[in-house]
Amino acid sequence: MPVLWLILIVLALAVAGYVAGRARAISGAGDDRRALHSLPSYYGWNVAMKVMVPAFLVLIVWLIAQPFIVNTKATSLLPETAIPEGSTLGLVMSDVRRVADGLDLAVEQGLLSAGEASELSVTGSDVRGTLGSAGVAVGTEITPEVLAAAQSYRATNATGNLLRAIVVLGLALLGGALALAQTKPDFRARNSVERGIRAILVGAASLAILTTIGIVLSLVFNTIEFFRIYPASEFFGSFTWSPSFGGGSQLGIWPLLWGTLYISLIALLVSVPIGLFAAVYLSEYAGPKFRSVAKPALELLAGIPTIVYGLFALLTVGPLLVSVFGRDGLGWMQAGTAVMTAGLVMGIMLIPFVSSLSDDIINAVPQSLRDGSYGLGATKSETIKQVILPAALPGIVGAILLAASRAIGETMIVVLGAGAAARLSLNPFDAMTTVTAKIVSQLTGDADFASPEALVAFALGMTLFVMTLGLNVFALYIVRKYREQYD
């Protein structure tokens with residue numbers, strides 16, 4: 001049974017359970033709702049929750065676990081001789097899955113019966129032709145081992161899907177039946193529902209925390225694996241980035257780190273003053289009519305895709321800078337792709353992050369502080385400088401931190417606007433690259449995933465994570481040190 005159908009059936013059972021639970025509670029009280037401990041809707045939600053929650057929890061766990069079990073069983077049927085020279089087990093398993101999907105399509109289209117697909121052999125039929133007729137192209141020759149693994153993959157997957165439907169629907173019906181049995185006038189349905197809601201909220205919070213932990217652990221384990229095959233002293237001590245998929249790579253992080261920080265610094269020098277001044281003007285000086293038009297127009301910059309910003313850097317800003325600072329101008333710039341190009345465009349992209357958040361924080365400063373400052377004879381500019389900005393400092397620092405994190409993690413603007421050269425240079429008109437751009441390039445090549453040229457992406461990602469964490473800690477220190485306290 002498809003997962004979508006399963007979800008819809010469980011939801012339908014939950015709706016039926018809600019109606020049945022509410023009606024049972026009312027009838028049990030003799031149509032006198034005052035005899036009920038809780039409102040009738042709570043009895044209905046108690047049944048609906050006990051239908052949905054166990055069923056969906058098991059469904060989620062099943063969807064995560066089943067692919068691992070199916071792949072493990074299919075892999076066990078592949079001997080070492082089934083892996084061609086120069087190939088890997090992962091590539092062979094991709095062929096197995098492709099053949100299994102092709103057999104499923106052939107059965108759906110009536111090209112094969114279910115029994116024929118299970119008993120199909122390489123020697124007695126044209127497997128590739130049959131799969132091609134079903135619209136699945138297999139590039140390599142299908143060996144008997146691959147076909148046997150694919151048939152096992154299909155059978156195990158079909159059995160798992162059937163068991164999944166039985167278990168999930170069985171839990172939904174069992175939960176609904178038990179909840180209906182509990183539905184009596186003196187049952188504390190409201191307490192039960194509130195405990196269930198609290199458990200769901202705790203689960204949601206825990207899921208967010210566990211996701212963060214999982215991301216960190218995946219980075220840590222792969223980074224450790226990278227440093228097992230590539231010396232950490234060369235990664236942090238070398239000033240050369242020269243990956244070679246044939247061996248002899250020099251994977252020094254400093255050129256990438258320098259490009260990241262240099263471009264981010266230029267972006268912040270553009271976005272922070274403009275964004276902060278815009279926020280002060282919109283919140284303290286602009287009239288309601290101008291503000292109602294200017295703020296939404298400014299926030300539109302945040303909705304533009306970064307690929308569009310990248311094209312803007314490549315086609316507009318880069319040539320404009322070359323015309324001024326290039327060979328026909330000052331002679332400082334050789335091409336349109338440079339640190340300055342990416343930094344300027346990224347700064348434009350970050351303006352709404354700074355201005356919108358800063359504007360909201362400044363507007364949240366109590367009006368009484370402004371009135372008190374004016375009552376003491378301060379001017380508007382003195383009030384902004386000495387009262388409003390200190391009071392709004394934590395939020396402003398948060399806005400700048402968000403902009404800095406966004407700048408450090410940007411990729412498309414860097415790829416199109418800054419170039420791909422990993423170098424150490426103080427000239428902002430030279431082409432450079434960043435850590436994020438190289439993470440993409442290292443993971444999209446044809447290198448073996450276990451090679452240092454691929455695993456270096458995780459070491460680079462771990463470096464970015466540590467940088468961002470340090471930035472957060474520093475921002476928290478600044479906020480606590482300079483925050484104004486008001487009673």
Side-chain angles (χ1 to χ4, degrees), residues 205 208 261-304 306 309 340 343-410 413 428 467-487:
L261 296 177
Y262 205 171
I263 295 174
S264 300
L265 176 62
I266 294 176
L268 292 177
L269 290 176
V270 172
S271 62
V272 172
I274 296 176
L276 188 55
F277 291 163
V280 171
Y281 177 76
L282 289 175
S283 60
E284 300 298 322
Y285 292 98
K289 291 184 178 180
F290 180 81
R291 176 184 169 84
S292 64
V293 175
K295 187 174 182 181
L298 191 62
E299 291 176 346
L300 283 177
L301 291 173
I304 299 176
T306 56
Y309 279 111
M340 185 61 70
L344 289 176
V345 176
M346 195 182 298
I348 295 172
M349 181 193 70
L350 295 177
I351 289 174
F353 289 90
V354 178
S355 64
S356 182
L357 289 177
S358 298
D359 176 61
D360 293 338
I361 294 299
I362 291 173
N363 283 323
V365 175
Q367 183 63 34
S368 59
L369 296 181
R370 297 178 175 84
D371 296 338
S373 178
Y374 296 146
L376 293 173
T379 64
K380 181 180 281 291
S381 61
E382 289 173 340
T383 300
I384 293 171
K385 182 176 66 175
Q386 299 179 11
V387 177
I388 296 176
L389 290 182
L393 180 64
I396 294 174
V397 171
I400 296 174
L401 174 63
L402 176 62
S405 301
R406 186 72 176 82
I408 291 174
E410 177 54 39
I413 295 177
M467 285 175 56
T468 307
L469 180 62
L471 196 62
N472 279 274
V473 172
F474 177 71
L476 183 61
Y477 167 76
I478 294 296
V479 169
R480 289 181 175 178
K481 183 175 178 63
Y482 296 105
R483 179 173 55 192
E484 297 286 346
Q485 300 290 342
Y486 298 97
D487 295 327

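Atoms considered below: every heavy atom in the structure, side chains included; atoms not considered: hydrogens, waters and symmetry mates. All residue numbers refer to positions in the sequence shown, counting from 1.
Distance CD1/Ile413 to CG/Leu350: 7.5 Å, rounded to 0.5 Å. Note that CD1 of Ile388 is 7.0 Å distant from NZ of Lys380, once rounded to the nearest 0.5 Å. With rounding to the nearest 0.5 angstrom, the CD1 atom of Ile396 is 10.5 Å from the CG atom of Asp359. With rounding to the nearest 0.5 Å, the separation of CG in Leu389 from CD1 in Ile362 is 5.5 Å. The line from OG of Ser264 to OH of Tyr262 is 12.5 Å long, rounded to the nearest 0.5 Å. Atom CG in Leu369 sits 13.5 Å away from atom CD in Gln386 (nearest 0.5 Å).
Closest approach of Ser356 and Lys295 over heavy atoms only: OG-CE, 4.1 Å. Across all non-hydrogen atoms, the minimal contact from Arg291 to Leu282 is NH1-O, 3.2 Å. Taking all atoms of both residues into account, the shortest heavy-atom contact from Ala378 to Thr383 is CB-OG1, 3.7 Å. A pairwise comparison of heavy atoms in Ile348 and Tyr309 identifies CG2-CE2, 4.3 Å as the closest pair.
Partners of Ser368 by side-chain contact (heavy atoms from CB on, under 4.5 Å), not counting sequence neighbours, listed by chain and number: Pro366.
The side chain to side chain donor-acceptor pair (under 3.5 Å) analysis of residues 270-286, with sequence neighbours excluded, yields the pairs Glu284-Arg370.
Side-chain contact between Leu261 and Leu265 is absent, with no heavy atoms from C-beta onward closer than 4.5 Å. At least one side-chain heavy atom of Val270 sits under 4.5 Å from a side-chain heavy atom of Leu344. Between Pro428 and Ile266 there is a side-chain heavy-atom pair separated by less than 4.5 Å.
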Do any side-chain atoms of residues 399-406 form donor-acceptor pairs under 3.5 angstrom with protein atoms, and if so which ones, sequence neighbours left out?
| from | atom 1 | to | atom 2 | distance (Å) |
| --- | --- | --- | --- | --- |
| Ser405 | OG | Leu401 | O | 3.0 |
| Arg406 | NH1 | Glu410 | OE1 | 2.8 |

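Atom NZ of Lys385 is surrounded by 12 or fewer heavy atoms from other residues, nucleotides or ligands within 6.0 Å. Within a 6.0 Å sphere centred on OH of Tyr374, other residues, nucleotides and ligands contribute more than 12 heavy atoms.
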